Amino acid sequence: MAPLLEVDDLSKRFGGFVALDGVSLAVAPGERLGLIGPNGSGKSTLVNCLCGALHNESGVVRFDGTNVNGMTAHQRTRLGMARSFQLPRPFTSLSLADNLRIPLIYSANMRRGSHFTAAEIENRCGELLRLVGLDAKARRLPRDLTQVEMRKLELARAMGADPKLLIADEAMAGLSHSEIEDILKLLDQLNQRGITIILIEHIMRAVMSFSQRLVVLVSGKKIADGKPQDVIRDPEVERAYLGQ
Amino acid sequence: MRSWLFTLILAVAGAALFALSRFIQNDYFFFAGYVVLQYIVLSTAWNILGGYCGYVNFGTAALFAIGAYTTVALHKLLVTSRIYPMSMPELIVIGGAVSAVVGLGIGYLTLRLRGAFFSIATLALAVVIQTIITNWDYVGGSRGAYVIRPPSAPLVGSYIQYLFLVMLVLAVISVAVARLIERSRLGYGFATIRDDEIAAEASGVPTLRLKLIATTLSGALMGMAGAPLPYYVGYLDPASGFNLAYAVNSIAMPVIGGTTTWIGPLIGAVLLGTLQQWVTVTISSAVSLLIVGLLLVGFVIVAPNGLVGLVRPLFVRGKG
């Protein structure tokens with residue numbers, strides 16, 4: 001099966017600092033990929049390059065058969081590549097329902113080629129809010145949400161773009177055990193709907209239980225790629241995490 | 001309320017205001033009213049970019065003056081030489097179009113900047129435009145240009161009443177446009193730009209395109225507000241056309257009224273504009289600017305969301 005996402009020899013520098021150094025990887029449709037690495041290993045830079053928030057200096061990113069190099073972030077979202085942010089970035093002046101309405105009218109609506117009716121958008125907003133358990137707070141502002149609810153809103157907003165690929169950047173950071181379970185369950189539900197998921201996470205228990213495959217980045221380079229149980233026994237990965 | 005119904009009510013209110021004003025015999029009412037209405041247009045136009053998108057534009061005076069100087073140029077080219085007797089609506093449309101194009105250009109040059117950098121860039125471009133006009137002899141250069149107002153006007157007779165009517169129509173149009181934007185897909189897009197531009201892009205919002213639409217619309221309305229100015233003042237020079245008061249007032253009025261909704265600039269312009277006219281007559285014009293400054297500082301500290309922000313929680317509680 002042709003990969004949904006293909007990254008070939010991707011590099012990114014910030015002045016003299018090499019953030020990504022020739023990273024290549026491929027993600028199959030419907031796959032659950034875990035992306036791990038110590039702080040400063042280039043995970044967020046890779047996500048930003050994939051999603052168009054940063055532009056890579058060299059290498060190619062192909063999504064669903066299209067070379068997306070040079071495309072803006074909103075064009076990539078419209079192609080079906082959505083992300084959630086490490087620190088939640090809700091639209092603070094808009095209600096939760098309106099937060100979800102944005103990707104529906106600006107992304108999902110665009111891809112379909114024909115406009116959703118107002119009623120269809122309303123229904124879809126309600127469905128997404130129910131999916132993440134925030135339907136009772138549809139008219140509230142994001143400032144009224146708890147930390148875990150904020151994370152759920154991030155995921156729901158990414159889902160509003162009707163993505164083929166969802167990149168969840170540390171969606172569980174700072175959450176309690178039960179809250180992590182909530183998010184994992186949600187990601188699992190999304191994956192069962194056919195959405196490919198790249199999970200970037202420091203919480204190893206979550207990554208190990210969720211991922212079918214694990215990619216490890218260290219100092220901007222990919223040092224391991226394989227089944228989670230094999231990858232964590234890789235001596236190079238152990239060295240990167242535990243030291244010599 | 002549906003947009004067409006709102007526009008209809010606004011138009012009826014405008015017509016009623018004009019009908020009532022016809023009973024006033026004193027021309028000063030029309031001179032002062034024109035200025036207040038002009039500020040409704042300017043502050044509403046500023047708010048499309050500054051309030052809805054969160055990009056504070058210090059270049060209002062330049063876009064306003066471009067509208068005014070387009071009228072001066074066309075007046076000299078066509079009206080004075082009797083090639084074509086251009087009417088006020090035509091001048092307004094052309095002035096708005098020229099300012100829209102300049103607004104789009106300013107947007108292209110500045111909208112990759114954010115925050116204070118964007119504001120400083122708009123101020124700098126306003127200075128550049130003022131310098132060009134000051135050195136353009138055809139429109140009077142630094143010595144200014146006279147535009148002789150016709151003795152009478154179509155429909156209403158008195159020319160100052162005609163200018164008042166024209167600005168009233170522009171005020172109705174600008175408020176209707178602002179409200180239409182606010183309730184539209186475009187308005188949602190603008191709000192996301194104001195809240196978080198990176199998250200907006202990640203949600204599929206074409207932020208640069210939307211910001212360019214905002215600068216173009218805002219520029220067009222500012223130019224339209226400026227187009228009748230030469231006929232109002234009779235003599236236009238760069239110092240009055242590019243007066244800092246236009247930039248300051250067009251920021252102060254939405255800030256005092258509230259920037260996130262169409263009614264904020266309207267309230268701010270009516271309150272502050274009327275107060276300024278009253279103070280100018282009873283005390284002095286210098287004191288009127290002092291009042292603007294003091295009110296602006298006061299509101300930024302005490303009520304950063306303006307009068308609308310102060311009243312809205314009471315209204316919401318009342319509804320609940």
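Letters A, B, ... mirror the listed sequences (proteins, then strands); counts begin at 1. None of these values were measured; they are calculated from a predicted model.
Under the 3.5 Å distance criterion, the side-chain polar atoms of A:Arg89 are left unmatched by any main-chain donor or acceptor of B:Asp196. With hydrogens and angles ignored, the 3.5 Å screen pairs a side-chain donor or acceptor of A:Thr77 with a backbone N or O of B:Ala202.
Interface remark: A:Arg76 contributes no atoms to any contact with chain B (heavy atom separation under 4.5 Å). With a 4.5 Å cut-off on non-hydrogen atoms, B:Ile193 does not touch chain A at all.
Within a 6.0 Å sphere centred on CZ of B:Phe117, other residues, nucleotides and ligands contribute 12 heavy atoms or fewer.
Considering only heavy-atom pairs separated by less than 4.5 Å from chain A, the leading option among B:Ala191, B:Ala199, B:Ala200 is B:Ala199.
Rounding to the nearest 0.5 Å gives a distance of 10.5 Å between CZ of A:Arg83 and OG of B:Ser203. Atoms OG and CG, on A:Ser93 and B:Asn305 in that order, are 10.5 Å from each other to the nearest 0.5 Å.
Residues A:Tyr106 and B:Arg185 come closest through the heavy atom pair OH-O, 2.7 Å. Considering every non-hydrogen atom in both B:Asp195 and A:Leu94, the closest pair reads OD2-N, 4.0 Å.
Residues A:His74 and B:Thr207 fail the side-chain proximity criterion, which asks for heavy atoms closer than 4.5 Å.
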